Amino acid sequence: AVACVIAAEGGFGEAAVQEHCRGRLAKFKQPARILAIDTFPATDGPNGPKVQRNVLRTMAEAALKG
């Protein structure tokens, strides 16, 4: 799993977030990587903005390869 997060001011440490997850999530739910993004990619729809999960998936695959 890869987590995409919008970091608060000052950023965050990927290791600190992973350690936080280790104490609260089952091992199979723990993200292998944490990606900081500015905004979630979204498209407007009739019911409001919808997050483009396929774009997030592509970003996550690239992060795992590189």
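All heavy atoms count here, side chains included; hydrogens, waters and symmetry mates do not. What you see is a predicted model; the values in this text were computed from it and never measured.
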So, do Val5 and Ile37 sit near enough that their side-chain heavy atoms are less than 4.5 Å apart? no
First locate atom CG of Leu25, then atom CD of Gln18, and finally report the distance between them rounded to the nearest 0.5 Å. 11.5 Å
Any sub-3.5 Å donor-acceptor pair from Glu14's side-chain atoms to Leu35's backbone N or O? no
Within this structure, what is the CZ-CE distance for the pair Arg53 and Met59, rounded to the nearest 0.5 Å? 15.0 Å
Is it possible for you to say whether Val51 and Ile6 belong to one hydrophobic cluster, with membership spreading through side-chain heavy-atom contacts below 4.5 Å? yes
Grab the two heavy atoms, one from Phe12 and one from Ala7, that are nearest each other, plus how far apart they are. CD2-CB, 3.5 Å
Contact between Pro49 and Asp44 at the side-chain level, heavy atoms closer than 4.5 Å - yes or no? yes
Are Gln30 and Arg22 side-chain neighbours, meaning at least one heavy-atom pair lies under 4.5 Å? yes
CD of Gln52 to NZ of Lys50: how many Å apart, nearest 0.5 Å? 10.0 Å
